[in-house]
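Take a look at the structure set out below.
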Amino acid sequence: EKDMLIVLLVQKNFQAEKVNPNDLENMGVVARILMNTEMGAIQKLRVEGIVRCEVLEYNTVVPFMRATVVTKPFESNDIAAEVACVRMLISELEQGGAKIFKGNPELVKKISTGVTADKLCDLIAYNLPLEYNLKLRYLKTPSVSERLTFILEDVKREKYIASIEE
């Protein structure tokens, strides 16, 4: 069976009812459709992200947006720095970091099965309670080292906030 691929983009204005290309971020993710279920007027998809992408132009808007995209693979510039960041991140998570992910045993399960540094960034960033622009920087940054640095900063900040809330 041939893979069904779509591009997932972030909507800038969540209140807009009719979305046009100007309402979408130009960076997104090419995803494989794993499951497609139709329930009346609602369509549910289960997807798996494959690679980041950037929209170059929209070819059609009605009835679906079709776009020309270029893939943006992650950049792994400094393996030693990435390993050091992953070790620091693990240390942060072991020292009370679990409380910021409470109620999400699936995240711990996914991480403990072994993931790449790139995937680790994506998993943690997705699950951190961050505001829109902070999450968006993970999508827009191809460098794994930079994203790991963001993750470390964000995990430390969220741990600090959690400790104040206790």
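If you read the sequence from its start, that first residue is 1, and numbering goes on from there.
- Remark: Thr37 OG1 to Ile42 CD1 distance equals 12.0 Å, nearest 0.5 Å.
- Within the 4.5 Å cutoff, no side-chain heavy atoms of Val55 are placed close to those of Met65.
- A donor-acceptor pair is defined here as one N or O able to donate and one able to accept, closer than 3.5 Å; such a pair exists between the side chain of Tyr138 and the backbone of Phe150.
- Across every non-hydrogen atom of Pro129 and Glu158, the tightest pair is CG-OE1, 3.4 Å.
- The two residues Leu123 and Asn127 have their closest heavy-atom pair at O-ND2, 2.7 Å.
- No more than 12 heavy-atom neighbours from other residues, nucleotides or ligands sit within 6.0 angstrom of OH on Tyr126.
- In the hydrophobic cluster analysis, where Ile, Leu, Val, Met, Phe, Trp and Tyr join through side-chain heavy atoms closer than 4.5 angstrom, Ile90 is grouped together with Ile124.
- In this structure, Asp78 and Ser145 approach most closely via the heavy-atom pair O-OG, 3.8 Å.
- Taking all atoms of both residues into account, the shortest heavy-atom contact from Leu9 to Glu25 is CD2-O, 3.6 Å.
- When hydrophobic clusters are built by joining Ile, Leu, Val, Met, Phe, Trp and Tyr residues whose side-chain heavy atoms come closer than 4.5 Å, directly or via intermediates, Val115 is grouped together with Met88.
- No side-chain donor-acceptor contact under 3.5 Å links Lys156 to the backbone of Glu92.
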Before you tell me yes or no, could you show the steps for Thr116 and Val144 under side chain to side chain contact (heavy atoms under 4.5 Å, CB included), namely the whole-Å CA-CA distance, both residues' side-chain angles and the distance that decides it to 0.1 Å? CA-CA 10 Å; Thr116 63; Val144 175; over 6 Å; no
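- For CZ of Arg66, the number of neighbouring non-hydrogen atoms (other residues, nucleotides, ligands) closer than 6.0 Å is 12 at most.
- Grouping Ile, Leu, Val, Met, Phe, Trp and Tyr residues whose side-chain heavy atoms lie under 4.5 Å apart, directly or via other members, places Leu139 in a hydrophobic cluster with Val10, Phe14, Met27, Val29, Tyr132, Leu136.
- Rounded to the nearest 0.5 angstrom, Leu89 CG and Glu94 CD are separated by 10.0 Å.
- Residue Leu130 is not grouped with residue Ile161 when hydrophobic side chains (ILVMFWY) are merged at heavy-atom distances under 4.5 angstrom, including chains of intermediate members.
- Lys159 approaches Ile100 most closely through the heavy-atom pair N-CG2, 3.8 Å.
- Other cluster members for Phe64: none, since no ILVMFWY side-chain heavy atom sits under 4.5 Å from it.
- How far CD1 of Ile50 is from CD1 of Ile6: 10.0 Å, rounded to the nearest 0.5 Å.
- To the nearest 0.5 Å, the span separating CD on Glu82 from CZ on Arg87 amounts to 12.5 Å.
- A distance of 11.0 Å separates CZ of Phe74 from NZ of Lys119, quoted to the nearest 0.5 Å.
- Of all heavy-atom pairs spanning Ala67 and Asn59, the tightest one is C-ND2, 3.7 Å.
- Looking only at distances, no side-chain donor or acceptor of Tyr58 sits under 3.5 Å from a matching main-chain atom of Asn22.
- Taking 4.0 Å as the cut-off between side-chain N and carboxylate O, Arg147 and Asp122 count as a salt-bridged pair.
- Gln11 places a side-chain heavy atom less than 4.5 Å from the side chain of Val19.
- Sorted by first then second residue, the salt bridge (charged side-chain N to carboxylate O under 4.0 Å, His left out) pairs that include residues 127-137, not counting sequence neighbours, are Arg137-Asp154.
- Cluster membership check: Ile79 does not share its hydrophobic cluster with Val86, using side-chain heavy-atom separations under 4.5 Å among Ile, Leu, Val, Met, Phe, Trp and Tyr.
- In this structure, the separation between CE on Met35 and CG on Leu45 is 8.5 Å, given to the nearest 0.5 Å.
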